[in-house]
Amino acid sequence: MTMTDTSVRTTSPALDSKVPTGDIDTMWENHKFSMKLVNPSNKRKFTVIVVGTGLAGSSAAATLGELGYNVKAFTFHDSPRRAHSIAAQGGINGAKNYQNDGDSVYRLFYDTVKGGDYRSREANVYRLAEVSTNIIDQATAQGVPFAREYGGMLDNRSFGGAQVSRTFYARGQTGQQLLIGAYSALNRQIEAGSVEMYNRMEMLDVVVKDGETVGIITRDLLTGEVESHSAHAVVLATGGYGNVYYLSTNAMTCNVTAAWRAHRKGAFFANPCYTQIHPTCIPASDDHQSKLTLMSESLRNDGRIWVPKAFDDDRLAADIPEAERDYYLERKYPAFGNLVPRDVASRNAKTVVDEGRGVGPLKNGVFLDFEDAISRYGKEEIAARYGNLFDMYANITGEDPYNRPMRIYPATHYTMGGLWVDYQLMTTIPGTYAIGEANFSDHGANRLGASALMQGLADGYFVLPYTVGDYLADKLGDDVVPTSDPVFVEAENAIRDETAMWLSVKGTKSPEYYHRELGKIVQNEIGMARDKNGLEKALSEIPALEEEFKKNVRVMGDNTSMNVELEKVGRVADFFELATLKARDALEREESCGGHFRVESQTEEGEALRDDENFRHVSAWEWNGQDTSQTLHKEQLEFDYVALTQRSYK
Amino acid sequence: MAQTMPNPLRHPQPIRPRKKAAPFPLNIWQSAVGRKWIMALTGIGLLGFVVAHMIGNLHVYEGPAKLHEYAEALRDLGGSIIPRTYLLWVLRFGLIAMFGLHIAAAYSTKEMSRKASHGANVVDGQKSYPGGQEYIASNYASRTMRWTGPIILLYLVFHLADLTWGWLPHTDYVRGDPYHNLSTSLGNLPVAIIYIVANVALAIHIFHGAWSMFQSLGINNPKYNSARRGIAAGLAGLILIGNLSFPILTQAGVIDDDSNPCAQFTDTEENAECFEEILATEGHSE
Amino acid sequence: MNNEINLTLEVWRQDGPNESGRFETYDAKVSEDASFLEMLDLVNEGLIEDDRQPITFESDCREGICGTCSLMINGEAHGPNKGQATCQLHMRTFKNGDHITVEPFRATSFPIIKDLAVSRAALDSIQQSGGYISVGTGSAPDANLVPVPKEAAEMAFDAAACIGCGACVAACPNSAAQLFTAAKIQHLNLLPQGQPERWSRTENMVDTMEEFFGTCTNHGECHEACPKEISLDFIAFMNRDYVKAKIKNRTLSGQR
Ligand SMILES: Cc1cc2nc3c(=O)[nH]c(=O)nc-3n(C[C@H](O)[C@H](O)[C@H](O)COP(=O)(O)OP(=O)(O)OC[C@H]3O[C@@H](n4cnc5c(N)ncnc54)[C@H](O)[C@@H]3O)c2cc1C
Ligand code: SF4
């Protein structure tokens, strides 16, 4: 495609990123000073709704509560502690430079922009790196039991290919420990009465009046009741939507509904095509697999990845002689070998499996072999390094990884795309904010390991609580719009109608079935490698399946008590719409960058080829109503501090 | 906004609403953890009594006179400083208080657990899964505390009536001649069986109680934690052996009133005189 | 290829918190490689196909960390394997032809919402009453200012590993929540950062626990059921801290 249109190089007027002017290293400091403040005694006159109580939401709700705002926090989980953030294993980055290995805010900023393949906004990323150090302080003071050295100081490790050790970790449970920290801060505010907690409540709509956010509509998952809640501002911290692939490492209930409903009310959805596929997951064992389990990337430090040279080789790994094995990463990338970045490792695994050289009963994996490592270091040393992971693998697969190679395959892990937000983390709906994985802001086209926890907490503890004040300051004296207002009543009725509609379809197949079928299309066509044909195929298959879904889904039960099927059907419906947009976004972006690999855009050696000339922008999509497709808006990205380079791992 | 009643599935209702804090030290009693602490402390006291009682009773193997001497010595506790039997009564009152607190704590905490399981399923006052529960860690001892406890209490009453108050018909009770009382009582087979059963219950109770006491008091140190179960088992075992020896050896004829030289004196004073004489001559011959 | 096994399930069905429940019997045929919850998913798909109500149960991460899944499986909380949550239980643990009873976690303060789903909100109440260190956002000193001995950090972690699943309560013959509460209290009490509020935290959390749950009689079932194998030692520590809190001169408590 040739981009002759000059408008391509300018940002859509609808997207004002509000990035302050000035030097990047003083920008946030100066901006904090220039933002309007709300007088402490006035804060309680403002109601702020926080939807989602994962790392981002809990930290935001707690901090807003501490500041004195009147906060209402919502989660569909039974407790904030169950949010998906709990599952993060590896660690959290912080530019503390405790290891004295040359780390700095600037280096973390640089690595994040580069790692994101130059598709993120420099100003946001710099701020993220800047507050990263405060997060570590805050978490430690809350009692997060980070790993320590014998002298009592915090320990760090190098993670995800970073050249410095800046990752803080708590055994394999960093996410759970950080979430317990944020949850405890939230609990303190609940106890103090500044936060009102609504668990088992699903947000199903953002309510907008005269162009501004006035509240949300929720459905009580215990009783089916639909309720309105008004507020001066709404913060969405509703996590990622990797489950659009059906199989992913995400928790079962992760979904796009909150973000999607906001999108339908005017929030632009940015970069839906960017998805991170994690290379070291356990392959599916049968059709009824419900999710995939991630194993730490650190396994690649000692494991060697290979497949048989022959196609459809049914022999056991041990029976395949050395000469008939293809250590394809070591062969293709002699310098980095098995430690190439996540996307490269993932794509290559897909290539060999697609060729028919996959291993395991379903031929859907590649070997990760520790034989050499065990003979070099001994079984004990390997057990000390990876014992937990080996046990987990053995438990899930029933195979002993000490004696036969593990089988791994990539799985969807993280969604870089999300609601478009400006420097203040506000979406294109005034008064609606998006934080954590739900927004698109900091990771560009690819996220560095251990940076999602950092971003969620940065947004929640240290950014949003300030920027909300800037918006609210002008609203002093404005009462919240009462929930009896027609905008609320209409929105409530729409949700009631929707629920009644699903119950009345009375088709033949469960929501789960359609979710699984949708996942197959998304996985095949918008997975690790995308091309025009495939994407166009997806764009015809998805709506067709969606059509069938709407006519033929069977939702059991009623709307007066807990009904998991009813919860699910709405989420699957939103996944359908998202999947279509995802395919369009991927089709539109005719370059390869980060987690998005377009087959048409590669170097002669088969590596991802970025097109900075034409695609150095954020794609933000505007909803135009149910029957019209979304409009694309572009935010051009400028790189004043980090020079653009092509990645190379040869 | 629709105003609805708080949903108990979301906002749980306490089953035991908190009371206003009582002044120290009564506030300790207000909580179950505090009560368990008291139960453990009184448990230690009672355990001490059981051990001392058992050891004291071993005098029976020195013969009727020595046993008599020991019984008298108990009454003389405190020597000439405190009037005769006063200190013994103080100890007795202490014991009774400990028993009372121990039982009250046990009963009230058991009630609390019953309430806490009520919404689930309670059969015979005990939580139970309709599909059955597979117990793994808890043992016979821990699950039968609420049976061994009352058994011990009943036994205690029986034992007092039998050998302290002499209310029961199967002995011609002679105050001051414990050897006579003991041997005639335990010589009766049904009574011996009662003693055996009760002391087995006592040992079971102690086996769990002694371990439990460490936990309730928070006595915990990795250096000796592994020994806690052992200590409990050892204590229970010792007490069991000591206490069972009395009925068993009586039945075997080792303890026998025929070897009691003062058996013919059924009057307390005459009986005492008889023993004093024997003890006096024994003293000479030594 | 995968081996399939046939099973008979006895599943507790209950329409609501105040309804009475019953066991219903289902046949299941499932791959040995499936997880227990995937087996239930499969049974549910079959039920939906037959136009019957699927079994309500809860799960989320399916990796043993979120603590959402529950279930008494053959009378054991989280099933027969030690140190595992239900979601980590795989069908190869069972044999062809096995009978499996599946029940919800039971306690008065774990009211049944539907079928196998229970509310464990009382555990949150305990946490809210003191399970935190009062440090406002922004007021934290540098993370390395207070060194924490590695042993203490490790032990605090051992307690902090609790996933809040409530299996300890379910398995406890007294429906006591001691293991959970002790884990939560000791996680913070063992760290230097947790000292200033140590005594009030312990009192508040224990008192709240006793509003909802039974009394510990040291059976130890909780530890066996616990997917994170939280140690009973924490209960001892909590008991000691609680009584100390009552007796302690608070003005000197900074000196321990
Ligand atoms: C297996 C795994 C391992 C990972 N490991 C790491 C790691 O080592 N390091 C790292 O940095 N990152 C890691 N990540 C990524 C990271 O965990 C997530 O990106 C991050 O935790 C997301 O946090 P969040 O607060 O944005 O969302 P979440 O934690 O997903 O929280 C979402 C919240 O929103 C609520 N919610 C959603 N929709 C609604 C609605 N409609 N109504 C009401 N409530 C709603 C949910 O109930 C929940 O409370 C990992 C991810 C996975 C899957
Ligand atoms: S202590 Fe163990 S069993 Fe109890 S809630 Fe925590 S993890 Fe679950």
Side-chain angles (χ1 to χ4, degrees), chain B residues 7-18 21 24-25 27-28 30-37 40 108-110 112-121 126-139 142-143 145-146 208 211-220 222 225, chain C residues 10 12 17 21 23 72 74-76 80 82 101-103 106-113 119 121-122 124-125 169 171-176 178 203 206-225 232-233 235-244 246-247:
Chain B
N7 189 333
L9 297 175
R10 187 173 282 126
H11 303 285
Q13 294 307 305
I15 50 177
R16 183 176 168 269
R18 206 183 296 199
F24 179 82
N27 57 353
I28 294 178
Q30 276 184 315
S31 86
V33 168
R35 254 177 260 180
K36 290 287 295 184
W37 188 69
S108 62
T109 50
K110 188 193 120 251
M112 204 173 136
S113 297
R114 199 180 53 78
K115 246 186 178 172
S117 311
H118 204 72
N121 202 24
Q126 180 124 37
K127 175 173 178 178
S128 103
Y129 278 85
Q133 184 175 357
E134 198 68 37
Y135 294 110
I136 306 159
S138 64
N139 45 40
S142 72
R143 285 198 308 274
M145 292 301 272
R146 59 205 199 90
H208 180 70
W211 138 257
S212 188
M213 167 199 92
F214 285 107
Q215 280 291 99
S216 299
L217 292 179
I219 299 175
N220 184 299
N225 273 353
Chain C
E10 298 264 354
W12 185 263
F23 279 110
M72 290 296 279
N74 281 342
E76 290 183 55
K82 205 169 154 52
T101 32
V102 189
E103 270 190 80
R106 291 185 192 274
T108 310
S109 291
F110 282 0
I112 293 175
I113 301 171
S119 165
D124 286 297
S125 304
V169 177
C172 178
N174 299 310
S175 303
Q178 242 78 0
E203 278 189 288
V206 168
D207 289 347
T208 310
M209 167 184 86
E210 292 186 354
E211 287 183 36
F212 297 101
F213 297 102
T215 318
C216 177
T217 55
N218 305 314
H219 286 296
E221 285 297 338
C222 51
H223 170 70
E224 295 300 322
L232 294 177
D233 292 353
I235 298 183
F237 291 146
M238 174 181 78
N239 290 340
R240 185 170 57 190
D241 274 5
Y242 184 78
V243 177
K244 260 195 190 172
K246 297 278 184 219
I247 295 169

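Letters go in sequence order (proteins before strands), and every chain restarts at 1. These numbers come from the heavy atoms of this one structure, side chains and all, not from hydrogens, waters or symmetry mates. All figures in this text were calculated on a predicted structure; none of them were measured in a lab.
Using a 4.5 Å heavy-atom cutoff, the side chains of Trp12(C) and Pro130(B) are in contact. No side-chain heavy atom of Arg240(C) sits under 4.5 Å from any side-chain heavy atom of Leu217(B). The shortest side-chain heavy-atom distance between Ser142(B) and Thr217(C) does not fall under the 4.5 Å cut-off. The shortest side-chain heavy-atom distance between Ile15(B) and Phe213(C) does not fall under the 4.5 Å cut-off.
Residue Leu9(B) holds its CG atom at 13.0 Å from CZ of Phe110(C), rounded to the nearest 0.5 Å. Put simply, CG on Asp124(C) and NE2 on His11(B) are 11.0 Å apart, with the number rounded to the nearest 0.5 Å. Here the NE2-CE distance, from His219(C) to Met145(B), works out to 9.0 Å after rounding to the nearest 0.5 Å. If you take CD1 on Ile235(C) and NZ on Lys36(B), they are separated by 11.0 Å, rounding to the nearest 0.5 Å. Atom-to-atom distance recorded for Phe214(B):CZ and Asn218(C):CG is 12.0 Å, nearest 0.5 angstrom.
Looking at Asn225(B), only its side chain comes within 4.5 Å of chain C, counting heavy atoms on both sides. Contacts between Ala176(C) and chain B at a heavy-atom distance below 4.5 Å are absent for every atom of the residue. For Asn74(C), the part sitting under 4.5 Å from any heavy atom of chain B is the backbone (N, CA, C, O) and nothing else. Neither the backbone nor the side chain of Glu203(C) comes within less than 4.5 Å of any heavy atom of chain B. For Pro173(C), the parts lying under 4.5 angstrom from a heavy atom of chain B are both the backbone and the side chain. Proximity to chain B (any heavy atom under 4.5 Å) is shown, for Cys222(C), by neither the backbone nor the side chain. For Glu210(C), the parts lying near chain B are the backbone and the side chain together; criterion is any non-hydrogen pair under 4.5 Å. With a threshold of 4.5 angstrom between heavy atoms, Phe24(B) approaches chain C through side-chain atoms but not through N, CA, C or O. Proximity to chain B (any heavy atom under 4.5 Å) is shown, for Ala225(C), by neither the backbone nor the side chain. Contact annotation for Arg35(B): neither backbone nor side-chain heavy atoms come within less than 4.5 Å of a heavy atom of chain C. Contacts between Tyr242(C) and chain B at a heavy-atom distance below 4.5 Å involve the side chain alone, from C-beta outward.
At distances below 3.5 Å, at least one donor-acceptor pair connects side-chain atoms of Glu221(C) with backbone N or O atoms of Ile136(B). For the pair Tyr129(B) (side chain) and Met72(C) (backbone), a donor-acceptor distance under 3.5 Å is absent.
Glu103(C) approaches Gly131(B) most closely through the heavy-atom pair OE2-N, 2.8 Å. What you find for Ala171(C) and Gln133(B) is that their closest heavy atoms are O-NE2, 2.8 Å. Contact between Gln215(B) and Leu232(C) at its shortest, heavy atoms only, is NE2-O, 3.1 Å. Scanning all heavy atoms of the two residues, the minimum distance from Gly220(C) to Ala137(B) falls at O-CB, 3.2 Å.
Interface check for chain C: of the options Ser31(B), Ser128(B), Gly132(B), the most heavy-atom pairs under 4.5 Å are formed by Ser31(B). Counting heavy-atom pairs closer than 4.5 Å to chain C, the top residue among Ser216(B), Pro17(B), Gly34(B) is Ser216(B).
We find that Glu211(C) and Arg18(B) are joined by a salt bridge, their nearest charged nitrogen and carboxylate oxygen being less than 4.0 Å apart.
Checking Thr215(C), Asn239(C), Asp241(C) one by one against Val33(B), the side-chain contact (heavy atoms from CB on, under 4.5 Å) holds for a single residue, Asn239(C).
Judged as a side-chain contact (heavy atoms from CB on, under 4.5 Å), and not counting sequence neighbours, the contacts of Ser117(B) are Val122(B), Lys127(B), Ser175(C).
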